[in-house]
Amino acid sequence: MLEKLKEALGAFGSFFFMPPLTNPKLAIDTLRISEAKYRSLFENIDQGVIYLDAAGIVMAVNQAAEQLLGLPRDVIIGRKFADSCFKVIKEDGSTFPEEQQSSALALHTGKPVEGVVMGLFNAERQSYIWVVVNSVPELRVGEQHPYQVLMTLTDVTRQKQSEGKLSMASVIFNNIGEGIFVTDKDKKIISVNEAFTTITGFTQQDVYGRSAGFLQAKKKNLKSDDELSGLTGNVTSWQGEVWRRHKSGIDFPSWTTVSEVRDSGGEVLHYVHVFMDITHFKKAQDHLGFLAYHDPLTKLPNRLLLKDRIDHSLQTALREGSEAAVLFLDLDRFKGINDTYGHAVGDGLLREVAKRIKNLVRKEDTVSRYAGDEFVVFMENIPDAKNPAKLAQKLIDTFDAPVYIKGFRLKISLSVGISLFPQDGKDTDTLIRNADAAMYRAKKEGRNNFQYYSLELTAEAFEKMSLECALRQCLDRHELILYYQPQVCLKTGKLVGVESLVRWMHPTQGLMSPDQFIPIAEESGFIVAIGEWVLQNACIQMRRWLDEGLQVNKMVVNVSAVQFLRSDFVAAVERILHSTGLAPSYLELELTGGSFMDNSEQTIKALNRLVAAGIDLTIDDFGVGCFSFNNLKRIPVKKLKINSTFVVDVLNNANDEDITRAVIALGHGLHLQVIAMGIESNAQQNRLMDLGCDEGQGYLYSSPVLPWSNIFQQLM
Ligand code: C2E
Ligand code: CA
């Protein structure tokens, strides 16, 4: 009976709990219950279970084993496990030989073989799944060879896949060309790859534990990727340009991607920074950008960039109320040169023209090659409407010198048209069009000249330029003349000083007042030479008068701020006094407010040096122009000169009288003398005396006269 039962239970029989066989019925019942329990356990267990007999033939499988093999049990049972329908492979993908399989080894040795990993072909999925197999042999008591083997199969496919992913990630991490560094949640670097070291020069050791910001080129980045790695909300990655530093100290641009890694609970674990060096890419990009906005031949901005710059600048000019100018330049007869000497020479000439133009303009001006032989200069923030004419003339003059290209001596000239913002156009296109129109007029006028879009401006600019040109020759041609005007003591009416006032005998326009030419001389810097001439001749005249017995205390000389602010001014005065033999105490310099504008130590030093030499200083035109009262405390002046505008109305205008009174009070309060300029009547003189003014000068006593006038003797 028991044998029958065992037979019926087949392979499972040996696993049964065997109660004592004293009561066969009870034993059979117990066995049945036990079998049912076992079957349920066998069928529902997660692991696959396969029984093989001693010949390796499958005797029983559970559901899990069916699923692992993807075959129903009636196909499985009765076959050898080595049958071709059960394809088994090793971890390296090769076929697993039957004799090496764990079941065969267990049957052969009679010992359990555990933990063997193998790939099992799943017929349903048509792919391999990975299982760990334990094979336990069953031996009957007293027998040496197992009569069956129990195989348990645990599915480890998922684990294998994630292991595979990990090793794949590791391969990528170390072989990818991009630099990678990983930080912890506190943004401290914990790992870098090989490319990171190749790109940055830093090793893992150099950067371990440092913050991500350590790798940044601080000066060049607007936003640090340290900041960026604090990705918040739904943003889990960021891409952008980050300047990085190489260990050598050289900065380089990188394209960086920062991604965060979170755990299953949503907590940030790491930040992964992947970057590549984009130096070459940027250079290429810059070069492309340059080509898009520049002329390849001359490397000057092209039309597009010019228009962009003018558009932009006009907006500022409009806001600030400043003026700007467009100069349209065209080479005269360029086509002829191109046709005669060939294009290579033509190109060389254009490059040379570009160079000469660039050398003459200010830093803030834009020079553009507009088309073929046309160039445009844009001048922003010009001081006045006549200023562009100067540049135009300089540009024209620079081509007085021939150009040598490939051994050819080329003589060229320019025609220039000028338009002004805002008067000749309020937008770029209009300004360029009008400058072009003016340039055509310059061509018509015989080339090699400039024209303003407005005819009046052209006339004024030419007049000013010819005046400037003639002025430069006035010293060589002995055209300057000094006039002298007496200064008197208001109380006694006696001569106290003489102011030298320069005039220019213009070759065609006759005697010219200083107001007409001093500003031009100041603008060109030629005032320095004129000023020295005046000082020299005034000193000589004073010496002469003193030698002749004229009792006059001071020779008063006007000094322009341009002249005074030169570092060699004091030395020039000392040199002239020495060469003329005039004692410094006979010299008085009239300085304007502009001389003290900078209020620098250097200015104060220069003033002190003059005073220390015995020269008196007066502030000219006191009350007009710019002068800081604060300066009065610091500068060692002796006298204030009230401007004639106040004197003219001292009788009729209460305001002017008030100002005059205040200036006198201020001067006296500071122990300074006060002289009034422009006294034309006795009434003015008397009022000024009443107000306490010390000295006076004006037509009432004498207009400026030539040195041989006897007015000086009369006033003694
Ligand atoms: P300033 O220094 O204020 O000179 C006084 C000007 O007033 C002189 O004009 C003089 O002729 C004029 N004037 C004199 N008395 C009267 C009067 O009673 N009524 C009126 N309405 N005017 C009178 P000028 O000689 O034409 O000089 C003009 C300016 O030129 C001077 O003004 C001075 O700033 C400048 N200047 C003259 N000579 C020189 C010089 O050698 N060097 C420099 N840097 N500037 C000079
Ligand atoms: Ca003066």
Side-chain angles (χ1 to χ4, degrees), residues 471 474-475 479-488 490 497-506 510-542 554-566 569 572-573 576 587-595 616-625 627 637-651 656 674-685 688 693 695-707 709 711 715:
L471 190 61
C474 72
L475 290 178
E479 289 167 352
L480 292 184
I481 304 164
L482 277 185
Y483 274 59
Y484 298 93
Q485 188 175 31
Q487 298 182 337
V488 299
L490 287 181
V498 174
E499 181 177 8
S500 64
L501 294 159
V502 70
R503 276 99 183 85
W504 175 25
M505 182 57 84
H506 188 278
L511 200 64
M512 220 175 242
S513 110
D515 288 334
Q516 286 171 278
F517 65 88
I518 295 281
I520 296 172
E522 284 179 332
E523 223 177 280
S524 64
F526 194 58
I527 187 69
V528 177
I530 293 181
E532 287 191 11
W533 181 91
V534 169
L535 189 62
Q536 168 102 14
N537 286 280
C539 288
I540 291 171
Q541 183 57 50
M542 187 63 175
K554 296 285 180 189
M555 170 55 76
V556 182
V557 177
N558 290 283
V559 177
S560 151
V562 178
Q563 193 187 349
F564 173 76
L565 289 172
R566 279 179 59 112
F569 173 69
V573 175
I576 289 167
L587 183 62
E588 182 176 320
L589 300 178
E590 280 193 359
L591 303 165
T592 56
S595 298
D616 283 352
L617 303 178
T618 296
I619 302 177
D620 205 355
D621 289 337
F622 192 81
V624 294
F627 185 82
V637 289
K638 195 155 183 202
K639 206 186 279 184
L640 301 181
K641 192 170 200 178
I642 302 175
N643 184 266
S644 51
T645 51
F646 300 115
V647 175
V648 169
D649 281 329
V650 76
L651 297 172
D656 282 336
V674 181
I675 177 167
M677 178 61 185
I679 303 174
E680 293 184 3
S681 67
N682 281 316
Q684 287 170 339
Q685 172 191 256
L688 285 158
C693 189
E695 294 171 359
Q697 177 181 351
Y699 296 163
L700 177 65
Y701 315 104
S702 164
S703 58
V705 292
L706 288 164
S709 162
I711 186 74
L715 287 168

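None of these values were measured; they are calculated from a predicted model. One-based numbering, in listed order, for ligands and for the atoms of each.
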Nitrogen or oxygen atoms of E680 and ligand 1 under 3.5 Å apart: yes

The Ca ion (ligand 2) to nearest N/O/S of M677 less than 3.0 Å: no

Atom 39 (C) of ligand 1: nearest protein contact (heavy atom, Å): V502 CG1, 3.7 Å

Closest protein heavy atom (residue, atom, distance) for atom 10 (C) of ligand 1: L501 CD1, 3.9 Å

From the candidates G531, P514, G698, the one that places a heavy atom nearest atom 35 (C) of ligand 1: P514

Protein contact to atom 44 (N) of ligand 1 [nearest heavy atom, distance to 0.1 Å]: S560 N, 3.5 Å

N558 N/O to ligand 1 N/O under 3.5 Å: yes

Whether E522 lies under 4.0 Å from ligand 1, heavy atom: no

Minimum-distance N/O/S atom that D620 presents toward the Ca ion (ligand 2): OD2

Option with minimal heavy-atom separation from atom 41 (O) of ligand 1, where the choices are V534, I518, D515: V534

L482, portion touching ligand 1 at heavy-atom distance under 4.0 Å: neither

Ligand 1 to Y699 polar contact by distance, N or O atoms, under 3.5 Å: yes

Within-cut-off N or O pair, Q485 and ligand 1, under 3.5 Å: yes

Inter-residue atom distance Q487.CD - M677.CE, 0.5 Å rounding: 8.0 Å

For T618, the option from K638, E588, E590 that meets side chain to side chain donor-acceptor pair (under 3.5 Å): E588

Stepwise salt bridge (charged side-chain N to carboxylate O under 4.0 Å, His left out) check, K641 with E499: CA-CA 12 Å; K641 192 170 200 178; E499 181 177 8; 2.8 Å; yes

Of all N/O/S atoms in E499, the name of the one nearest the Ca ion (ligand 2): OE2

Under-4.0 Å heavy-atom contact with ligand 1, by part of M677 that carries it: side chain

